[in-house]
Colleague: 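Quick one: structure below, then a few questions.
Note on naming: letters A, B, ... go to the chains in the order of the sequence lines (proteins, then strands), and numbering restarts at 1 for each one.
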Amino acid sequence: MSPNDVAIRVERLSKRYRIGLQEERHHTLVGTVLRLAAQPVRNLRRLRNLTAFGDDEQDAEDIIWALKDVSFEVKRGEVVGVIGRNGAGKSTILKILSRITYPTDGMVEISGRVGSLLEVGTGFHPELTGRENVYLNGTLLGMRKAEVDRKFDEIIEFSGVAKFIDTPVKRYSSGMKVRLAFSVAAHLDPEILLVDEVLAVGDVGFQKKCLGKIRDVAQEGRTVLFVSHAMQAVRNLCDRTLYVESGKLVSDGPTHAVIRNYLTGGDVRRTVRAWHDAGSRPGDEMFKLKAVKILDGNGTSLPIFRTSESIRIQIEFDLGELIPELGVGFDLLSADGAMLFRSYHYDDEPEKWPKLALGHNCLECVIPPCMLNGGEYVIRLCVLQQDVKWILNGSPEIAFEVEFDHARSPFYFKLRRGVIAPVLQWHAVPHGQSATDSVSPI
Amino acid sequence: MTTIIDPSKRQSWLDLREIWDYRDLFVFLVWRDIKTRYAQSVLGIGWAIIQPLFSMVVFTVVFGNMAKISSDGVPYAVFSFAALVPWTYFSGAVTSAGGSMLTARHIITKVYFPRIIVPLVAVIAKLWDFAIALVILFGMMAYFGFAPTPRALLLPAITLVMILTASGFGMWLTALALQYRDIQYSLAFGVQLLMYASPVVYSVSMVPERFRLLYNLNPMAGVIEAFRCVLLGTNPIPWQALAVGASVALLLSLSGGAYFISMERRFADVA
């Protein structure tokens, strides 16, 4: 690979921030007065220290490393996703690449014009009209006026707010503002595009349009670095993905594998979570969660489950009190956050409810075989006192992966779209006969 | 085009070419500043005149009529207004530059551009108010019967020194204000103090000769005195004061620019 093929080279990049620490307090009047008198000196030191770091302070307790020794390369024309939890350092990477903030250590080499979309509508002024804001925002993003002139009609056309282009932006709906702002940014024509979560805004239709635009940019052979929480978007756009955790690059590889790693936390046994220390158990004095397990038909925990087998979800907990209106259940979501269903132990008629006892309980719910599709799913715990309060509302959550293997047809061999993949019964209906007669009850 | 981003401080300080590349942004920001400053206000641009005009009235009553301060033989009203026009520009430009980075905080944490544009835009945008006040001053001169002389041709050069002074102060204060909010609080009253160190309400002739050199280290002293001499013909043109003032202003601007750029990389972190 010739060096010309590398668009972004990041080498041992580190970024350090100083966080505020609670000051020691004095409880005496004299102590308080003295502290107040010395306050300006202390403030000066603190403010100076915001940006000054001594060499001996590598691990002082008020220092956090937003990034630590991150290295990667992005080739020209590659579309790379960056995923990770909040505060993992994703945005810091983008901010350094777009020269908003500078690294503490390490270096970045970028070949080509960079366009960064860390937020849409930066610098929009409410008193100015749409037209005026397009020019202002365009030049702010690094365009020349002549360039905005040339692309102006295209920008307006894409945004769909042509009718209001001479209206002050403060009269726009938030959706219109976002559309106009994204439209400017999308016409920046950079060789390297850095995108951060812009798709979190706007309606679904416009989000699709944005993704389409980013895909176009990618297909024109330009380089894209895409930071997002939306796994589906990352999967659709990026062939390769970086997974950042606590300022470190945890994995770097094909998107599918990296997302799986992210969802399982890199630890297969995460499909079994137990809280051994009584003090740390989620819940309240009435209900204390001890463990959540996702197991296969044989009761074992697997790195990847199979759709041809049932999947058992076990919830272990302690009850301090027996109340009839307690509901224990979970939400099942696809990895993109789409909700499949919610299920509680008391969903059936009361005679069939499992019996709960004081002290230890273990409830099991079985997801039948041949229902889920291949992919990642997430279980979120929901426990409530009916009509009174939530005890657990959507957390903790556990991710698990399922491999699609339940189709028996020679023509149904690959993954189909859809969050579930049931194999349904099909019948030929004889001429003149009503369909319902021939369907056998399940 | 390859960009290297690393923590080293050996940056091409004052990457003039890059600032030049962003000249359109500079123009748009100045224009935005002017257009939105008095948006949705009844008096609009009238606010640009009210401040120096009311100050003039108060000064004329207090210093001209009650304290009977010498005004070098011209009516006190026009004497003080000729000083208030450059002084209002200076105080407005410096105050607005000092707060400019804080106002632009949401932009500088989201997009890159040469940050030095921000305080300079504030300094340049205030020229609009200055121009309008200048028109009022010309009107007053006509009313009091001051005809323009060839000396008025020096006005652009004096204005340049004035802008340079405001830029120098502006860049220093902006860079400091982002990390130390004290600057913001002390700005208004600091500017007020500086007014008494400039010949706004009194004449330079009242300053003892032996303190003159020290006095002239304040570039606005030379600028204001020169304004009066050039427009009202009160005294001979203060070449020495102007030369000292211009040198100090240049020094302030260069050091302010250098300090600003040395701090620039940290702005997004402390903003």
Side-chain angles (χ1 to χ4, degrees), chain A residues 3 9-11 13-18 40 43-44 47-48 50-52 95-114 116-123 125-128 132-133 135-148 168 170 191 196, chain B residues 1-9 11 15 18 20-41 44 103-115 117-118 121 175-183 262-271:
Chain A
R9 193 158 64 87
V10 172
E11 245 173 51
L13 200 64
S14 300
K15 173 76 183 176
R16 163 173 60 182
Y17 282 106
R18 196 181 284 274
N43 280 345
L44 183 69
L47 289 175
R48 286 180 67 91
L50 275 177
T51 53
K95 281 193 171 180
I96 291 173
L97 292 184
S98 43
R99 294 210 280 165
I100 288 164
T101 182
Y102 286 79
T104 311
D105 214 349
M107 72 97 128
V108 177
E109 195 180 323
I110 298 179
S111 322
R113 172 173 159 170
V114 178
S116 64
L117 266 179
L118 301 203
E119 184 186 76
V120 289
T122 306
H125 196 291
E127 299 286 349
L128 299 179
E132 292 162 345
N133 270 311
Y135 276 95
L136 193 64
N137 192 233
T139 47
L140 194 59
L141 292 175
M143 281 195 251
R144 299 294 318 279
K145 178 177 176 291
E147 214 176 327
V148 186
K170 63 178 173 182
E191 290 155 85
D196 188 4
Chain B
M1 188 187 80
T2 302
T3 315
I4 306 264
I5 303 167
D6 62 15
S8 72
K9 293 207 169 69
Q11 53 216 303
D15 192 350
E18 193 181 42
W20 179 244
D21 284 345
Y22 275 90
R23 61 192 180 278
D24 287 347
L25 173 64
F26 187 86
V27 172
F28 275 116
L29 285 176
V30 168
W31 170 83
R32 176 188 81 165
D33 214 34
I34 293 171
K35 172 150 186 181
T36 59
R37 189 176 312 150
Y38 302 113
Q40 210 165 356
S41 72
T103 320
R105 196 164 38 184
H106 62 285
I107 299 181
I108 62 171
T109 52
K110 295 294 179 194
V111 62
Y112 173 80
F113 58 92
R115 308 313 196 192
I117 285 179
V118 174
V121 161
L176 286 169
L178 209 62
Q179 191 154 7
Y180 306 103
R181 299 286 146 89
D182 308 65
I183 299 295
S262 75
M263 293 295 291
E264 187 175 48
R265 313 182 137 215
R266 304 171 175 175
F267 284 162
D269 295 344
V270 293

Colleague: Would you check if the side chain of B:Asp24 reaches a backbone N or O of A:Lys145 as a donor-acceptor pair within less than 3.5 Å?
Modeller: yes
Colleague: Atom CG of A:Leu128 and atom CZ of B:Phe28: how far apart are they, to the nearest 0.5 Å?
Modeller: 10.5 Å
Colleague: Using a cut-off of under 4.5 Å on heavy-atom pairs, state which of B:Phe26, B:Trp31, B:Tyr22 scores highest against chain A.
Modeller: B:Trp31
Colleague: Atom CG in B:Leu29, atom CG in A:Leu140: separation rounded to 0.5 Å?
Modeller: 7.0 Å
Colleague: So, taking the atom named CZ in A:Arg9 and the one named CD1 in B:Ile4, what distance separates them when rounded to the nearest 0.5 Å?
Modeller: 7.0 Å
Colleague: Nearest 0.5 angstrom please: B:Ile5 CD1 to A:Ile96 CD1, how far?
Modeller: 8.0 Å
Colleague: Just give me the residue among A:Glu127, A:Met143, A:Glu11, A:Arg113 that pairs up with chain B most often, heavy atom to heavy atom, under 4.5 Å.
Modeller: A:Glu127
Colleague: Tell me which of these, B:Arg115, B:Arg23, B:His106, B:Lys110, has more heavy-atom pairs under 4.5 Å with chain A than the rest.
Modeller: B:Lys110
Colleague: Roughly how far apart are B:Phe113 CZ and A:Leu141 CG, rounded to 0.5 Å?
Modeller: 10.5 Å
Colleague: Please determine, among A:Lys95, A:Met107, A:His125, the option with the most heavy-atom pairs under 4.5 Å with chain B.
Modeller: A:His125
Colleague: Residues two or more places apart in sequence or in another chain: which of them pass salt bridge (Lys or Arg N to Asp or Glu O under 4.0 Å) with A:Glu132?
Modeller: B:Lys35
Colleague: So, using side chain to side chain donor-acceptor pair (under 3.5 Å) as the criterion, who are the partners of A:Ser116 when residues are at least two apart?
Modeller: none
Colleague: Nearest 0.5 angstrom please: B:Ile107 CD1 to A:Asn137 CG, how far?
Modeller: 9.0 Å
